[in-house]
Amino acid sequence: MQDRAQAGDQLVISDDPHHPANHICTLCRNFYNLGWVTGTGGGTSILKGPHVFIAPSGVQKELMQPENIFVLDYATRSYLRKPPVLKPSACTPLFMAAFDRGAGCCIHTHSQWAVLVTLLVERDAAQNGEKLEDKCFEIEKIEQIKGIPRGRRKPGMLGFFDKLRVPIIENTAHEEDLTSSLEVAMDRYPDTYAVLVRRHGVYVWGDDVHKAKTQAESRDEDAWTTLDDELSFVDARCLKNHIYKHRYNQNIQRDISKDRYDTAENTTRIPNRIAVPIVGKYPKYAEDLTPHSTGTP
Ligand SMILES: CSC[C@@H](O)[C@@H](O)C(=O)COP(=O)(O)O
Ligand SMILES: [Zn+2]
């Protein structure tokens, strides 16, 4: 992904690792290794001063270089730098919605945990005969909540005993078509720093890049914890190990929601057709499936 020298290069070429163009590349590389931006989807944008720095669309996010970054003038919404051939992230209008509400960085990931909690909320609503629209992902008494601010213009962070509510919007065929429902959710829940997209992922933002990154990590941990609560202990561990195994084997382009282990005796099913291998029946991973393993490789 090397582009030839072109107008606007000075906006993205810097020795400073914290320059937004460098920072976006570093973050996306790390997000890729977390399985958050695999299969080219997801991305990051930073608003710094008058400029919006945006990752390109549909590229291997771990291979991006600063010269692949788009730069938009925030006030006029016109591009100051457009790398040839590439397109700006399809998430750009959603990133702008966050910046228009005071964010300095917005991150979109396809975190498997985020996707799975949206499925669990969907299942619970169906079981309880509740309407799905209005349903949030809710969690309390989890340490990671303390990493999440109370809300814009509100001092301090949430406490251990507070309830975190993350709105969920329905997915659409095209990323940019999510913009209006994301804006509705942002305005309806002005204290939120994240919106989940059902069966897709999550948008997370913060006042600056460090805060946005912290929120993204905390949300992932919240979702992960919910899965631990929701599934039987062993099944959750097994699912995690299964995913880790694939991540660290670099078989990363995997969508676990499409996994099927359809031989009935080898699987147990959690709702919404996600099949989880049962401990002891999946010998390939047996070494990782001891109940107290950390799930890390
Ligand atoms: C795996 S493709 C997913 C995309 O269509 C979409 O969900 C997305 O996140 C867009 O990301 P982009 O920044 O345009 O590469
Ligand atoms: Zn996406």
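In listed order, ligands and their atoms are each counted from 1. Please read these numbers as outputs of a predicted model, since none were measured by experiment. Position 1 is the first residue of the sequence, and the numbers go up from there.
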Exercise. Any donor and acceptor pair, going by atom type alone, linking the side chain of R81 with main-chain N or O of I69 inside 3.5 Å?
Worked result: yes

Exercise. Can any side-chain N or O of R150 pair as donor or acceptor with the backbone N or O of M157 at less than 3.5 Å?
Worked result: yes

For this session: For ligand 1, find out whether one of its N or O atoms is nearer than 3.5 Å to an N or O atom of G43.
Result: no

Exercise. So, is G58 polar-close to ligand 1, with some N/O to N/O distance under 3.5 Å?
Worked result: yes

Problem set entry | Donor-acceptor pair, side chain of T118 and main chain of R199, under 3.5 angstrom | yes

For this session: Out of A173, S45, S57, P56, indicate the one that has the non-hydrogen atom closest to atom 14 (O) of ligand 1.
Result: S57

Seminar exercise, completed: Per-atom filter on ligand 1: closer than 4.0 angstrom to a heavy atom of E175 are 6 (C), 7 (O), 8 (C), 9 (O), 10 (C)

For this session: Answer yes or no for C91: is there an N/O/S atom below the 2.8 Å cut-off from the Zn ion (ligand 2)?
Result: no

Exercise. Is there at least one pair of N or O atoms, one from C91 and one from ligand 1, spaced under 3.5 Å apart?
Worked result: no

Seminar exercise, completed: Closest to atom 1 (C) of ligand 1 among protein heavy atoms sits G39 O, 3.2 Å

Seminar exercise, completed: Within 4.0 Å of some non-hydrogen atom of H200, the atoms of ligand 1 are 7 (O)

For this session: Consider ligand 1: state whether an atom of it lies below 4.0 angstrom from any non-hydrogen atom of A55.
Result: no

Exercise. Considering only protein heavy atoms, which is closest to atom 13 (O) of ligand 1, and at what distance to one decimal place?
Worked result: S89 OG, 2.7 Å

Exercise. Are side-chain heavy atoms of I54 and L72 found at a separation under 4.5 Å?
Worked result: yes

For this session: Ignoring hydrogens and angles, tell me if any N or O in the side chain of T192 forms a donor-acceptor pair with the backbone of Y189 under 3.5 Å.
Result: no

Exercise. For ligand 1, is there an atom lying under 4.0 Å from some heavy atom of H110?
Worked result: yes

For this session: Would you name the heavy atoms of L11 and H51 that are closest together and state the gap between them?
Result: CD2-CE1, 3.6 Å

Exercise. What is the name of the N/O/S atom in H200 that sits closest to the Zn ion (ligand 2)?
Worked result: NE2

Exercise. How close does the nearest protein non-hydrogen atom get to atom 9 (O) of ligand 1, and which residue and atom is it?
Worked result: G42 N, 2.9 Å

For this session: Pull out every atom of ligand 1 sitting under 4.0 Å from any heavy atom of H108, numbered as shown with elements.
Result: 9 (O)

For this session: Would you kindly say whether H210 and H18 are connected by a side-chain donor-acceptor distance under 3.5 Å?
Result: no

Seminar exercise, completed: Restricting E175 to its N/O/S atoms, the closest one to the Zn ion (ligand 2) is OE1

For this session: State the atoms of ligand 1, each with its element, that fall below the 4.0 Å cut-off from a heavy-atom position in T40.
Result: 15 (O)

Exercise. Is the closest heavy-atom distance from K61 to ligand 1 below 4.0 Å?
Worked result: yes

Problem set entry | K61 vs F31 side-chain heavy atoms within contact, under 4.5 Å | no

Exercise. Is the ring centre of F53 less than 6.0 Å from the ring centre of H23?
Worked result: no

For this session: Verify whether one side chain among T109 and S111 offers a donor that lies under 3.5 Å from an acceptor in the other.
Result: no

Exercise. How are the rings of Y193 and W205 set to each other: parallel, tilted or perpendicular (split at 30° and 60°)?
Worked result: tilted

